[in-house]
2 protein chains.
Amino acid sequence: MEKMTRCPNHPGLVFRSQILEEHGISVTKAAKALGISRTTMSNFCHGHIPCSADLAQRIALATDSNVALWINLQANYDAWQAEHGEQPVVEKLVLNSAA
Amino acid sequence: MEKMTRCPNHPGLVFRSQILEEHGISVTKAAKALGISRTTMSNFCHGHIPCSADLAQRIALATDSNVALWINLQANYDAWQAEHGEQPVVEKLVLNSAA
DNA sequence: CAGAAATGATAAAAAGTGTAAAGCATTGCT
DNA sequence: AGCAATGCTTTACACTTTTTATCATTTCTG
C-alpha cells in the first residue's frame with residue numbers, strides 16, 4: 001500500500017509524451033488513426049478529458065500495448081483526485097476496529 | 001503481466017458478498033448510509049451498473065477501506081470487458097517490431 | 001516571404017449515461 | 001395476515017461525452 005504523494009500524470013499527458021512526441025506523430029494524425037475527432041484527441045492530450053475504456057482500447061490497439069495499462073493510468077488518476085477532492089458525507093457501514 | 005483468464009468479479013458483487021453479507025447489512029440500509037438511492041445500490045450490487053468514482057469513495061469512507069481498491073476493481077473489470085468485447089477499427093500508430 | 005497545415009480553444013448540437021423517484025409483484029419473516 | 005426488504009421496470013431529469021464548425025495563432029515548407 002504505497003501512498004501517492006503527488007498527483008499521477010494524466011493518461012493523456014503520458015500518451016502525448018511517450019507516444020506522440022517519441023515518434024513525432026501529430027495530434028491530427030493520431031486522431032485520424034484512432035478514429036476519433038481531433039478535438040477529442042487534443043483535449044485528451046492536454047488532460048482535459050478522461051481516458052474512456054473505448055479510447056484506452058483504441059490506443060492499445062494502435063500502439064500494441066495493453067488496454068489495462070491505459071485504463072489503470074486513468075484509474076490511478078481518478079483515485080488520487082477522489083482522495084484529494086471533496087469528501088461526500090456518509091455513515092459508517094462497518095465499525096472501525098482501530099478507532 | 002498476468003493474463004486474466006476469466007472475467008474478474010464486478011465490484012458490486014464483491015461489495016455485496018464481502019461487505020453486506022459478511023455484516024448482515026441490507027441493501028436498503030447500505031443505500032441510506034452511503035447517501036444513494038436504493039435503486040442504484042441494488043443495481044450496483046447485482047453488477048448492473050459500474051462503480052463510479054463517487055460511489056467508490058462513498059464505499060471507501062463507509063467501510064474504512066481505500067478508494068483505489070474499488071476504483072481498481074472497476075478498472076480491472078472494464079479492462080477485461082474491453083479485451084473480450086468488440087474491437088474498434090484503428091490504424092497502427094507505431095510499427096510492431098515483433099511483427 | 002507566402003501559402004498550407006497544425007494547433008489549442010471555444011461554442012453549439014446530438015447522443016449517450018447516470019441517478020433518482022414511483023410503482024409493482026415476490027419473498028421471507030413475525 | 002401484515003410488514004419490510006427485494007428486484008425490476010418505467011419515467012424524468014441532469015450531466016457527460018463526442019462531434020462539427022469556427023477562429024486566432026503558430027509552425028512548417030517550398
Side-chain angles (χ1 to χ4, degrees), chain A residues 9-17 19-59 61-62 67 70-71 73-75 77-78 81-82 85-86 88-91 93, chain B residues 9-62 67 70-71 73-75 77-78 81-82 85-86 88-91 93:
Chain A
N9 278 334
H10 185 285
L13 304 185
V14 177
F15 177 76
R16 179 161 62 137
S17 63
I19 307 292
L20 299 192
E21 293 183 357
E22 289 282 324
H23 298 83
I25 302 169
S26 73
V27 169
T28 301
K29 183 181 169 191
K32 284 179 187 163
L34 297 199
I36 64 176
S37 73
R38 184 176 69 84
T39 306
T40 299
M41 177 59 81
S42 176
N43 282 331
F44 174 65
C45 287
H46 286 263
H48 297 153
I49 64 174
C51 186
S52 65
D54 176 75
L55 179 52
Q57 190 165 21
R58 288 174 188 274
I59 294 174
L61 288 173
V67 191
W70 300 98
I71 286 184
L73 279 180
Q74 184 64 48
Y77 184 83
D78 289 343
Q81 294 293 338
E86 300 220 332
V89 178
V90 302
E91 295 168 24
L93 268 185
Chain B
N9 278 333
H10 184 283
L13 304 185
V14 177
F15 176 76
R16 179 161 62 137
S17 64
Q18 299 300 306
I19 307 291
L20 299 192
E21 293 183 357
E22 288 282 325
H23 297 83
I25 303 169
S26 73
V27 169
T28 302
K29 183 181 169 190
K32 284 179 187 163
L34 297 199
I36 65 176
S37 74
R38 185 178 68 85
T39 307
T40 299
M41 178 59 80
S42 177
N43 282 331
F44 174 63
C45 287
H46 286 262
H48 297 154
I49 64 175
C51 186
S52 65
D54 177 75
L55 179 52
Q57 191 166 22
R58 288 173 188 274
I59 294 174
L61 288 173
V67 192
W70 300 98
I71 286 185
L73 280 179
Q74 183 65 48
Y77 185 82
D78 289 344
Q81 294 293 340
E86 300 219 333
V89 178
V90 302
E91 295 169 24
L93 267 185

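Quick note on labels: first sequence line is chain A, next is B, and so on, each numbered from 1. This is a predicted model, so every value here is computed, not measured.
- Relative ring orientation between B:F15 and B:F44 is described as tilted, the plane-to-plane angle lying within the 30° to 60° band.
- Of all non-hydrogen atoms in A:L20 and A:C45, the two that sit nearest each other are CD1-SG, 3.8 Å.
- Atom CD of A:E86 has 12 or fewer heavy atoms from other residues, nucleotides or ligands within 6.0 Å.
- Here B:S37 does not reach the OP1 or OP2 of C:dT19: none of its side-chain N or O atoms lies under 4.0 Å away.
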Between the protein and nucleotides 3-9 of chain C, are there any N/O to N/O pairs under 3.5 Å, and if so, what are the atom names and distances?
| residue | atom | partner | partner atom | Å |
| --- | --- | --- | --- | --- |
| C:dT7 | OP1 | A:V27 | N | 3.1 |
| C:dT7 | OP2 | A:V27 | N | 3.4 |
| C:dT7 | OP2 | A:T28 | N | 2.9 |
| C:dT7 | OP2 | A:T28 | OG1 | 2.6 |
| C:dG8 | OP1 | A:H46 | NE2 | 3.1 |
| C:dG8 | OP2 | A:H46 | NE2 | 3.4 |
| C:dG8 | O5' | A:H46 | NE2 | 3.1 |
| C:dG8 | N7 | A:R38 | NH1 | 3.2 |
| C:dG8 | O6 | A:R38 | NH2 | 3.0 |

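- One interatomic measurement links the two molecules: CD1 of B:I49 to P of D:dT9, which rounds to 14 Å at whole-angstrom precision.
- D:dT18 atom C1' lies 11 Å from atom CZ of A:R58, rounded to whole Å.
- Listed by first then second residue, pairs satisfying salt bridge (charged side-chain N to carboxylate O under 4.0 Å, His left out) with a partner in residues 36-58 of chain B read B:D54-B:R58, not counting sequence neighbours.
- For the pair A:L55 CG and D:dT19 C1', the computed distance is 15 Å after rounding to whole Å.
- Map B:C45 and A:G35 each onto its nearest nucleotide of DNA chain D; the residue landing nearer the 5' end is B:C45.
- Taking atom CZ on B:F44 and atom P on D:dG7, their separation rounds to 14 Å, with Å as the unit.
- A:H10 has its side chain out of reach of A:H46: every pair of non-hydrogen atoms, C-beta onward, lies at least 4.5 Å apart.
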Heavy-atom protein contacts under 4.0 Å, nucleotides 24-30 of chain D, coded B base, S sugar-phosphate only, - none = -------
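- A straight line from CE of A:M41 to C1' of D:dT18 spans 13 Å, rounded to a whole angstrom.
- Remark on the helix from C:dC1-D:dG30 to C:dT30-D:dA1: inter-end axis angle 40°, axes from five-pair C1' superpositions, rounded to 10°.
- Not one side-chain nitrogen or oxygen of B:T40 sits closer than 4.0 Å to the OP1 or OP2 atom of C:dT19.
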What is the per-nucleotide protein-contact pattern of nucleotides 25-30 of chain C, from the 5' end, where B denotes a base atom under 4.0 Å from a protein heavy atom, S denotes such proximity for sugar-phosphate atoms only, and - denotes neither?
-> ------
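- The ring-ring contact (aromatic ring centres under 6.0 Å, His included) test applied to A:H23 returns no partner, not counting sequence neighbours.
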